[in-house]
Undergrad: 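This is the structure, below, for whatever I ask next.
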Amino acid sequence: MEQYILGIDVGTTGTKTLLFSAVGDLLGHAYRSYETSAPQVGYSEQDPEDWWRAVCETVREVCAAPDVAEGVAAISLSLQGGTVVPVDEELRAVRPAIVWNDLRCGAQREAYLKEVGDAKGMYEMSGWQLDPQLPALQIRWMRDNEPELFAKTDMFLTVPDYISKKMTGIAAVDLSDAGINQLCDIRRGCYDEKILHFAGITEAQLPKIVRSGDVIGNLTAQAAAELGLTTRAVLVAGAHDQYAVALGAGANKPGDILIGSGTAWVVTAIGDRPAFETGLDQSIAATPGMWGSLASLSSGGVCLEWWRKNLAVDGGEPVSYDAINEEVSRRKAAEDGLFFFPFSGRMNGEKDFQKGTFVGLDLAHDRYDLARAVMEGVVFQTRWMLERFQTKPSADGLKLSGGASKSPLWCSLAANITGLPIRIPAVADLACVGAAILAGVGCGIYRDAEEGYRALAVDEQVLQPDPEAVRRYDEWYAAYKKIAGALGAAYDL
């Protein structure tokens with residue numbers, strides 16, 4: 001019987017599933033979206049059942065043929081990190097999941113500094129800066145504000161371990177995802193007792209920690225029935241989405257840099273050792289022996305979605321991306337002195353902010369000028385992030401994956417604003433490719449990640465920057481940073 005592998009990306013805005021043959025042929029693709037709710041300003045929540053429903057529907061769609069469903073040997077996942085879902089003994093969520101871009105935990109951050117100490121220890125333990133958006137503080141927030149629900153909670157899970165327990169009955173989280181939860185010492189691969197004490201939980205309420213590529217277990221009979229597969233299929237530990245993207249993109253050796261463009265725009269640089277001296281987020285990568293440095297613009301792609309849903313609705317529906325590319329390519333923004341500063345980005349020195357701003361609006365500007373400013377602003381912020389990395393881009397340029405890689409205009413802006421070649425994989429959904437590689441390694445189809453990458457490797461298009469456009473964007477980028485400094489001072493008032 002022919003063998004197949006599934007790579008699934010459970011993202012913030014939706015779930016994608018890709019089906020591959022053992023020799024690397026892409027045989028199927030499916031996608032389901034879901035909503036994020038904002039019950040209060042600064043809150044961001046999701047229904048975890050939406051994740052599971054999307055996983056089941058996409059798997060059933062790509063594995064509709066009986067011989068395919070019978071032949072699926074392994075599944076692995078690329079995951080949104082830092083989203084916490086408290087569940088009872090029946091794996092039912094006791095409240096909506098608190099998403100990684102939620103901002104409610106400012107008081108808990110102050111409590112941590114008072115009760116545990118400074119933020120440096122948290123960073124050096126977990127690899128992530130003390131952040132009011134991540135699970136350690138989210139769990140403490142629930143303890144402080146929802147004590148009855150907190151008491152009903154059997155386990156505090158995140159996306160990888162919630163889906164893992166749904167599939168296999170075993171809650172397991174890989175190391176690339178465990179660090180972002182800020183409950184784990186990533187060097188030792190175990191939970192930190194003082195952080196658990198601060199959060200008010202025990203290790204028994206958390207998933208076991210594994211490494212990317214480890215086999216977690218076979219599908220349960222119930223999960224196999226819901227997914228339309230057999231219990232012979234195994235779940236292999238996946239990776240945080242950015243490290244799954246790195247694996248799928250072939251960015252697996254020291255010096256490789258990629259930009260993942262989704263809800264967030266994330267820059268990831270691969271190295272053979274951690275780079276804590278940079279202050280950037282550090283993780284154990286999906287590739288054995290490799291580390292990753294990461295910087296994120298949490299409102300990257302979501303800025304354009306905000307524009308579509310609020311400023312570009314025609315006939316009850318947001319304008320299409322094809323229309324955006326066509327219209328925006330004829331507009332001006334930075335050239336006219338019109339700049340956009342994303343809802344989370346850098347304003348003044350090292351200070352970040354959480355409010356979006358347009359600067360330089362003119363009566364002559366229409367909604368598509370604003371859209372161009374949004375797209376340019378996201379890339380300006382990405383260039384700013386690149387300046388913080390110890391690893392510098394090589395002459396080969398940057399890999400760009402995710403939603404923006406499907407936009408010729410955004411790819412062109414990335415090349416001209418960074419001044420670097422942009423390498424665009426033919427398959428945009430590289431997180432699924434990386435997950436599929438891990439699935440193949442875990443079930444023994446591939447000897448290692450390198451063999452898996454060679455089997456599933458996709459073609460690349462290389463977009464060269466235009467020298468004159470680079471020169472002009474250098475000037476506009478300098479203006480952007482100058483305005484950012486003034487705005488940062490204004491927001492401090």
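All residue numbers in this chain count up from 1 along the given sequence.
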Undergrad: Hey, are Arg95 and Glu45 close enough for a salt bridge, meaning a charged N less than 4.0 Å from a carboxylate O?
TA: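 Judged by the 4.0 Å cut-off on N to carboxylate O distance, Arg95 and Glu45 do form a salt bridge.
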
Undergrad: Any luck finding a side-chain donor-acceptor pair between Thr12 and Thr263 under 3.5 Å?
TA: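 No, no side-chain donor-acceptor contact under 3.5 Å.
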
Undergrad: Assess the side chains of Arg308 and Tyr321: does a donor N or O sit below 3.5 Å from an acceptor N or O?
TA: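 Note: Arg308 and Tyr321 side chains meet the donor-acceptor criterion.
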
Undergrad: Looking at Asp256 and Lys253, is there a salt bridge between them, counting it only when a charged N and a carboxylate O are closer than 4.0 Å?
TA: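 Between Asp256 and Lys253 there is a salt bridge, with a charged N closer than 4.0 Å to a carboxylate O.
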
Undergrad: Are Ser78 and Tyr243 close enough that a side-chain donor and a side-chain acceptor fall under 3.5 Å?
TA: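 There is no such pair (donor and acceptor under 3.5 Å, judged by atom type) between the side chains of Ser78 and Tyr243.
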
Undergrad: Using modelled atom types only, decide if a donor and an acceptor are shared between the side chain of Arg383 and the backbone of Ile417 within a distance under 3.5 Å.
TA: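 Such a contact is found between Arg383 side chain and Ile417 backbone.
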
Undergrad: With distance as the sole test, does Gln282 use its side chain to make a donor-acceptor pair with the main-chain N or O of Leu280 at under 3.5 Å?
TA: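 Flag set: sc Gln282 to bb Leu280 pair under 3.5 Å.
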
Undergrad: What's the separation between atom CZ in Arg372 and atom CG in Asp336, rounded to the nearest 0.5 Å?
TA: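 Between atom CZ of Arg372 and atom CG of Asp336 there are 10.0 Å.
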
Undergrad: Under 4.0 Å between a side-chain nitrogen and a carboxylate oxygen: does that hold for Arg367 and Asp314?
TA: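 Yes.
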
Undergrad: Looking only at side chains, do Asp322 and Ser320 share a donor and an acceptor under 3.5 Å apart?
TA: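 No.
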
Undergrad: Is the shortest side-chain heavy-atom distance between Glu376 and Phe340 below 4.5 Å?
TA: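 In short, these two side chains do not touch, never coming nearer than 4.5 Å.
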
Undergrad: Quick one: are Leu258 and Val267 in side-chain contact, heavy atoms under 4.5 Å?
TA: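 Side-chain contact under 4.5 Å: no.
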
Undergrad: Determine whether Phe276 and Tyr123 make a side-chain contact, defined as any pair of heavy atoms from C-beta on separated by less than 4.5 Å.
TA: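 In short, these two side chains touch, coming nearer than 4.5 Å.
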
Undergrad: Nearest 0.5 Å please: distance from the CD1 atom of Ile259 over to the CG atom of Leu400.
TA: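 Ile259 CD1 to Leu400 CG: 6.0 Å, rounded to 0.5 Å.
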
Undergrad: Let's go through Asp144 and Gln108 carefully: what are the C-alpha distance in whole Å and the side-chain angles of both, what is the deciding distance for side-chain contact (heavy atoms from CB on, under 4.5 Å) to 0.1 Å, and is it a yes or a no?
TA: CA-CA 9 Å; Asp144 292 344; Gln108 285 66 45; 3.1 Å; yes

Undergrad: Is the shortest heavy-atom distance from the side chain of Ile270 to the side chain of Trp291 under 4.5 Å?
TA: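 When only atoms from C-beta onward are counted, Trp291 and Ile270 do not touch, as no gap falls below 4.5 Å.
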
Undergrad: Is the ring pair Phe339/Phe341 parallel, tilted or perpendicular, if the boundaries are 30 and 60 degrees?
TA: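 Ring orientation, 0 to 90° scale: tilted.
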
Undergrad: Indicate yes or no for a side-chain donor-acceptor contact from Gln138 to the backbone of Gln133 under 3.5 Å, with no hydrogens or angles considered.
TA: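 A pair under 3.5 Å: yes.
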
Undergrad: Check the pair Leu175, Ser212 against side-chain contact (heavy atoms from CB on, under 4.5 Å), reporting the backbone distance first and the verdict last.
TA: CA-CA 7 Å; Leu175 266 173; Ser212 298; over 6 Å; no

Undergrad: Look at atom CD of Glu468 and say whether more than 12 heavy atoms of other residues, nucleotides or ligands are closer to it than 6.0 Å.
TA: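 More than 12 within 6.0 Å, yes.
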
Undergrad: Would you sort out whether Glu61 and Arg32 count as a salt bridge (Lys or Arg N to Asp or Glu O under 4.0 Å), showing the intermediate values?
TA: CA-CA 11 Å; Glu61 182 174 331; Arg32 295 292 187 278; 2.9 Å; yes

Undergrad: Is the CG atom of Asn310 crowded by more than 12 outside heavy atoms at less than 6.0 Å?
TA: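 Counting other residues, nucleotides and ligands, CG of Asn310 exceeds 12 neighbours.
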
Undergrad: Do the non-hydrogen side-chain atoms of Ile8 and Cys432 ever get within less than 4.5 Å of each other?
TA: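 SC-SC contact between Ile8 and Cys432 ruled out.
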
Undergrad: Test side-chain contact (heavy atoms from CB on, under 4.5 Å) on Leu338 and Val359 and set out the steps.
TA: CA-CA 6 Å; Leu338 174 62; Val359 173; over 6 Å; no

Undergrad: Do you see a donor-acceptor pair shorter than 3.5 Å between the side chains of Asp241 and Gln80?
TA: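 No, because no side-chain N or O of Asp241 sits under 3.5 Å from a partner of the opposite role on Gln80.
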
Undergrad: Does a salt bridge link Asp50 with Arg53, judged by any charged N lying under 4.0 Å from a carboxylate O?
TA: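 Answer for the salt bridge query: yes.
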
Undergrad: Restricting to non-hydrogen atoms, name the atom on Asp131 and the atom on Leu137 that form the minimum distance, rounded to 0.1 Å.
TA: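 Closest heavy-atom pair between Asp131 and Leu137: O-CD1, 3.4 Å.
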
Undergrad: Is a side-chain donor-acceptor pair under 3.5 Å present for Asn252 with Thr287?
TA: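 On atom types as modelled, these side chains qualify, holding a pair under 3.5 Å.
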
Undergrad: Side chains of Asn101 and Ser298: any donor to acceptor distance under 3.5 Å?
TA: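 The criterion, which ignores hydrogens and geometry beyond distance, is not satisfied for Asn101 and Ser298.
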
Undergrad: Might you point out which heavy atoms bring Ala97 and Trp51 nearest each other, and give the distance in Å?
TA: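 Looks like CB-CH2, 3.7 Å.
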
Undergrad: Do Ile75 and Ile5 come within less than 4.5 Å of each other through their side chains, counting heavy atoms only?
TA: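 No, every pair of side-chain atoms sits at 4.5 Å or beyond.
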
Undergrad: Is there a donor-acceptor pair under 3.5 Å between the side chain of Asp174 and the backbone N or O of Ala237?
TA: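 No, because the side chain of Asp174 does not come within donor-acceptor range (under 3.5 Å) of the backbone of Ala237.
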
Undergrad: Please evaluate residues Phe358 and Val374 with respect to the criterion side-chain contact (heavy atoms from CB on, under 4.5 Å), reporting the C-alpha separation (whole Å), side-chain torsions for both, the decisive distance (0.1 Å), and the verdict.
TA: CA-CA 9 Å; Phe358 284 101; Val374 167; 3.8 Å; yes

Undergrad: Can you confirm if the aromatic rings of Phe343 and Trp306 lie within a centre distance of less than 6.0 Å?
TA: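 Yes: the rings meet the under 6.0 Å criterion.
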
Undergrad: List the atom of Leu386, the atom of Lys392, and the distance in Å for their closest heavy-atom pair.
TA: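 Minimum heavy-atom contact is O-NZ, 4.1 Å.
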
Undergrad: What is the distance from atom CG of Leu227 to atom CG of Leu235, rounded to the nearest 0.5 Å?
TA: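 If we round to the nearest 0.5 Å, Leu227:CG and Leu235:CG are 10.0 Å apart.
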
Undergrad: Tell me whether the NZ or CZ atom of Arg140 lies within the 45° cone about the ring axis of Phe198 and under 6.0 Å from its centre.
TA: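 Yes; both conditions hold, so Arg140 lies above the ring face of Phe198.
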
Undergrad: Start with the C-alpha distance between Glu148 and Lys152, add both sets of side-chain angles, then the distance that settles salt bridge (Lys or Arg N to Asp or Glu O under 4.0 Å), and finish with yes or no.
TA: CA-CA 6 Å; Glu148 292 185 3; Lys152 291 180 182 178; 5.6 Å; no

Undergrad: So Trp410 and Trp265, would you call those rings parallel, tilted or perpendicular, with 30° and 60° as cut-offs?
TA: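 Geometry flag for Trp265 against Trp410: tilted rings.
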
Undergrad: Roughly how far, to the nearest 0.5 Å, is OG1 of Thr418 from CG of Asp474?
TA: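 Answer rounded to 0.5 Å: 10.0 Å.
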
Undergrad: Can you name the closest pair of heavy atoms from Tyr34 and Gly11 and give their distance?
TA: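 Closest heavy-atom pair between Tyr34 and Gly11: OH-O, 2.6 Å.
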
Undergrad: Can you name the closest pair of heavy atoms from Asp281 and Gln129 and give their distance?
TA: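 Closest heavy-atom pair between Asp281 and Gln129: OD1-N, 3.4 Å.
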
Undergrad: Checking side-chain polar atoms at under 3.5 Å, does Asp161 have a donor or acceptor matched by the opposite partner on Thr158?
TA: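 There is such a pair (donor and acceptor under 3.5 Å, judged by atom type) between the side chains of Asp161 and Thr158.
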
Undergrad: Are there more than 12 heavy atoms of other residues, nucleotides or ligands under 6.0 Å from atom CD of Glu35?
TA: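 12 or below, so no.
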
Undergrad: Charged N to carboxylate O below 4.0 Å: is that the case for Asp9 and Lys16?
TA: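 Yes, Asp9 and Lys16 are salt-bridged.
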
Undergrad: Measure across Asp366 and Arg331 and return the closest heavy-atom pair with its distance rounded to 0.1 Å.
TA: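 The pair with the smallest heavy-atom distance is OD2-NH2, 2.8 Å.
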
Undergrad: State whether the side chain of Thr153 and the backbone N or O of Leu149 hold a donor-acceptor pair below 3.5 Å, judged by distance alone.
TA: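 Yes; judged by distance alone, with no hydrogens or angles, the pair exists.
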
Undergrad: Under 30°, 30 to 60°, or over 60°: which ring-plane class applies to Tyr480 and Tyr477, parallel, tilted or perpendicular?
TA: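 Tyr480 and Tyr477: parallel rings.
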
Undergrad: Can any side-chain N or O of Arg423 pair as donor or acceptor with the backbone N or O of Asp396 at less than 3.5 Å?
TA: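 Present.
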
Undergrad: Hey, are Asp362 and Lys332 close enough for a salt bridge, meaning a charged N less than 4.0 Å from a carboxylate O?
TA: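 No salt bridge links Asp362 with Lys332.
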
Undergrad: Under a 4.5 Å cut-off applied to non-hydrogen side-chain atoms, are Thr17 and His29 in contact?
TA: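 Sidechains of His29 and Thr17: no contact.
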
Undergrad: Do the side chain of Lys399 and the main chain of Ala249 share a donor and acceptor less than 3.5 angstrom apart?
TA: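 Yes, because the side chain of Lys399 sits within donor-acceptor range (under 3.5 Å) of the backbone of Ala249.
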
Undergrad: Does Ser126 use its side chain to pair, donor to acceptor, with the backbone of Gln182 at less than 3.5 Å?
TA: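 Flag not set: sc Ser126 to bb Gln182 has no pair under 3.5 Å.
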
Undergrad: Looking at Ile98, is its backbone amide N or carbonyl O close enough to the side chain of Asp102 to form a donor-acceptor pair, meaning the two atoms are under 3.5 Å apart?
TA: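 Between the backbone of Ile98 and the side chain of Asp102 there is no qualifying donor-acceptor contact (under 3.5 Å).
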
Undergrad: Do the side chains of Val87 and Tyr162 get nearer than 4.5 Å, heavy atoms only?
TA: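 The answer is yes; the side chains approach within 4.5 Å.
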
Undergrad: Any carboxylate oxygen within less than 4.0 angstrom of a Lys/Arg side-chain nitrogen, looking at Arg60 and Glu226?
TA: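 No, no charged N to carboxylate O under 4.0 Å.
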
Undergrad: Would you please classify the geometry between the Phe156 ring and the Phe150 ring as parallel, tilted or perpendicular, with 30° and 60° separating the classes?
TA: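 The rings of Phe150 and Phe156 sit tilted, inter-plane angle from 30° to 60°.
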
Undergrad: If only side-chain N and O atoms count, and only distance matters, is there a donor-acceptor pair under 3.5 Å linking Gln390 with Ser293?
TA: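 Their side chains do not contain a donor-acceptor pair, so the 3.5 Å distance test is not met.
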
Undergrad: Is there a donor-acceptor pair closer than 3.5 Å between any side-chain N or O of Ser176 and the backbone N or O of Ala286?
TA: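 No: the side chain of Ser176 does not pair with the backbone of Ala286.
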
